[in-house]
Chemist: 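Mind having a look at this structure? Questions to follow.
For clarity, every value in this text was computed on a predicted model and none was experimentally measured.
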Amino acid sequence: MVDHEVNVSGSSLSSRAGNRLVPAAGLIVATALLVAAQVWASSHDMLGPLHSLLDDFLGNPQSAFVSWAGLALACVGVPKRARVISLSAAAVLDLLMLGIQTVCGWHVSIGTGPTLALTGLLVTVARWRGEQRRTALRAIAFGVLLIMASKLADTWLMVSIVDGPQVLDQYVQLADRALGEPAWVVGRILEALGPIPSNVLHVVYIQLPAAAVVVAAWQLRHVTTSPWPRHNLLRTFLLLGVIGPLFYVLFPVVGPVFAYGPLGHGLQVGDWPDALPALSVPSSMRFDAETARNCMPSMHTAWATALFIHSRTGPRWLRWAGTFWLICTLLATLGFGYHYGADLVAGAVLAMTVESALREPERGWDRYRVRVVALGVLVFGGLLLSYRFLAVTMADHPIPAGIAVLGALAAVWFTFNALWFTPPHGRLARWGGRAVPETLGVSR
């Protein structure tokens, strides 16, 4: 009996030590990444994440929304009184900073208030004890991580420029003929509709993080009184933000409005969206040192797809909002010329693959999860290789190529839906591994 108690105690201590080591290791890795990114940025005379963070504290924030979103996520995990105080303090500090900037004739910007309030909240929570402290610190960690990820992303876009002086837009544009060149089609439609639809889509496009915060806040709304959900939108968003941008360097693409349109700074080789390029033999083309190579895959599509998936389990208003945001994001990415249709397909496949790897962690890696993830990886890799090496073939045979691309996307969606959303009855449920024992004819 004594030995058993010792073993249980030892196991508990080991578990607690592991729980402490994981966030510590994460903090070390995050710090190392920030320092490395800052060193690289400084060596190239660029801002860098640590310099950008310092600007946030000193009244010159790069993005007001990111700072406010980080504070909002942190406030999800604290009691109401601390939440009200933190948000009120952030608003007062931002107004005060605006007044100082205006009086002194400085550059006017907001975002310092939530940065200072988040720092103050962290100092306050560090003095708490017990489960309340752990819950609050976890929420604050998500908020801080969102801000840090944004800073790193800005630097990574600069890396994509330096590392990719030649862009592959001509290959993607040829491959996109298999999908009917939707960027040109939607671009002309938006031009014809006038400014109002474009303004609506523009707001939706740039406020995708705001929609994500709304969905995440709904998922985490009970964390101060109930256990944290095993999985939430933030985990998918952050992992997508790590994996997706790696391909900006491997597959540098700037997008139709730059490579073929009015934002090409004189380097464009077409007239998007008014005329389709008559290109028949693709080649890499040298581009400027200002435009990020952030098209392949479309991360806006990937994130909007993840948001749509996570909104499915919410109330009706959230499901409608998720659908609205996905549709408008797809229209915006094409209609503004930021992406090709090929980018959107790759982004959607990436989102479903990453979501399948993270969803329902308690299920483990059974053969059904492995099947979906493996299919997603194979399709994603096959799409990128096809865009690069089979672009001419896809352009010469657009109908079979388009069927193949859309068929691959449909296959990933079908297996994804069968695994995670099929009702637990019928053949599809059995095929997706969701059938309940009664459905299988097995007694409990």
Side-chain angles (χ1 to χ4, degrees), residues 22-23 26 65-80 82-84 86-87 114 118 121 125 131-150 204 207-244 299-326 328-329 348 350-363 369 416-417 419-422 434:
V22 169
F65 174 77
V66 170
S67 299
W68 274 101
L71 177 62
L73 285 177
C75 286
V76 169
V78 300
K80 182 178 179 179
R83 189 180 306 154
V84 171
S86 298
L87 294 174
L118 180 58
L121 183 61
V125 168
E131 186 62 31
Q132 186 183 58
R133 178 177 184 269
R134 285 190 290 272
T135 299
L137 286 178
R138 190 170 183 177
I140 291 173
F142 271 121
V144 171
L145 194 56
L146 176 68
I147 295 172
M148 293 298 97
S150 175
V204 171
Q207 295 301 335
L208 177 62
V213 169
V214 170
V215 175
W218 181 84
Q219 291 179 324
L220 303 176
R221 66 196 183 283
H222 296 313
V223 296
T224 56
T225 56
S226 304
W228 275 72
R230 296 290 301 275
H231 178 51
N232 58 73
L233 177 62
L234 294 177
R235 298 176 75 233
T236 305
F237 252 60
L238 291 172
L239 187 56
L240 281 172
V242 171
I243 296 175
M299 292 309 299
H300 261 77
T301 298
W303 283 318
T305 301
L307 187 151
F308 170 80
I309 292 169
H310 279 262
S311 69
R312 295 306 87 195
T313 55
R316 180 177 297 179
W317 67 266
L318 193 64
R319 297 197 301 271
W320 277 106
T323 303
F324 172 80
W325 229 267
L326 175 61
C328 289
T329 298
L350 179 63
M352 288 184 282
T353 305
V354 169
E355 178 65 22
S356 293
L358 296 177
R359 200 173 188 87
E360 294 183 14
E362 66 278 2
R363 177 175 182 149
R369 186 196 298 272
F416 176 86
N417 186 64
L419 177 59
W420 303 119
F421 291 102
T422 302
R434 292 186 61 82

Chemist: Could you please spell out the steps behind the side-chain contact (heavy atoms from CB on, under 4.5 Å) verdict for L118 and I147?
Modeler: CA-CA 11 Å; L118 180 58; I147 295 172; 3.7 Å; yes
Chemist: Nearest 0.5 Å please: distance from the OG1 atom of T313 over to the CG atom of L318.
Modeler: 7.5 Å
Chemist: Please answer whether the main-chain N or O of R319 pairs with a side-chain N or O of T323 as donor and acceptor at a distance below 3.5 Å.
Modeler: yes
Chemist: Find the distance between CG (L358) and CZ (F237) and round it off to the nearest 0.5 Å.
Modeler: 13.0 Å
Chemist: Any side-chain heavy-atom pair from V223 and P229 closer than 4.5 angstrom?
Modeler: yes
Chemist: Treating W68 as the side-chain partner and P114 as the backbone partner, does any N or O pair qualify as donor plus acceptor under 3.5 Å?
Modeler: no
Chemist: Going through the checks in order, is the side-chain contact (heavy atoms from CB on, under 4.5 Å) test met by T422 and N417?
Modeler: CA-CA 6 Å; T422 302; N417 186 64; 4.1 Å; yes
Chemist: Can the ring centres of F308 and W325 be said to be less than 6.0 Å apart?
Modeler: no
Chemist: I'd like to check the side-chain hydrogen bond (donor to acceptor under 3.5 Å, both in side chains) partners of S356; sequence neighbours left out, ordered by chain and number.
Modeler: W420
Chemist: Would you give the length of the straight line joining atom OG1 of T353 to atom CZ of F416, rounded to the nearest 0.5 angstrom?
Modeler: 9.0 Å
Chemist: What is the minimum heavy-atom distance between S311 and G322, and which atoms define it?
Modeler: OG-CA, 3.6 Å
Chemist: Going by the rule side-chain hydrogen bond (donor to acceptor under 3.5 Å, both in side chains), which residues pair with R359 if we only count those two or more places apart in sequence or in a different chain?
Modeler: E355
Chemist: Let me have the donor-acceptor pairs involving side chains of residues 132-143, under 3.5 Å, with sequence neighbours excluded, atom names and distances please.
Modeler:
residue, atom, partner, partner atom, Å
R133, NE, A126, O, 3.2
R133, NE, W128, O, 3.3
R134, NE, E131, OE1, 3.2
R134, NH2, E131, OE1, 2.9
T135, OG1, E131, O, 3.1

Chemist: Considering only heavy atoms from C-beta outward, does the side chain of V204 approach that of T329 to under 4.5 Å?
Modeler: yes
Chemist: Before you tell me yes or no, could you show the steps for L87 and L71 under side-chain contact (heavy atoms from CB on, under 4.5 Å), namely the whole-Å CA-CA distance, both residues' side-chain angles and the distance that decides it to 0.1 Å?
Modeler: CA-CA 8 Å; L87 294 174; L71 177 62; 3.9 Å; yes
Chemist: Taking all atoms of both residues into account, what is the closest heavy-atom pair of L307 and A212, and its distance?
Modeler: CD1-N, 3.5 Å
Chemist: So which heavy atom on A72 is nearest to which on V213, and how close?
Modeler: CB-CG1, 4.4 Å
Chemist: For R221 and S226, run side chain to side chain donor-acceptor pair (under 3.5 Å): C-alpha distance rounded to whole Å, both residues' side-chain angles, the deciding distance at 0.1 Å, then the answer.
Modeler: CA-CA 9 Å; R221 66 196 183 283; S226 304; over 6 Å; no
Chemist: Roughly how far, to the nearest 0.5 Å, is the CZ atom of R230 from the CZ atom of R363?
Modeler: 14.0 Å
Chemist: Hey, could you give me the NE2/OG1 distance between H310 and T305, rounded to the nearest 0.5 Å?
Modeler: 11.5 Å
Chemist: Quick one, M299 and L350 - any side-chain contact, counting heavy atoms below 4.5 Å?
Modeler: yes
Chemist: Please report the interatomic distance CG(L220) to CG(N232), rounded to the nearest 0.5 Å.
Modeler: 5.0 Å
Chemist: Is there a side-chain contact between V78 and T224 in this structure, where contact means two heavy atoms from C-beta onward sitting under 4.5 Å apart?
Modeler: no
Chemist: Taking Q219 for the side chain and L233 for the main chain, is one N or O donor matched with an acceptor at less than 3.5 Å?
Modeler: yes
Chemist: For R83, does its backbone N or O pair with a side-chain atom of S86 as donor and acceptor, under 3.5 Å?
Modeler: no
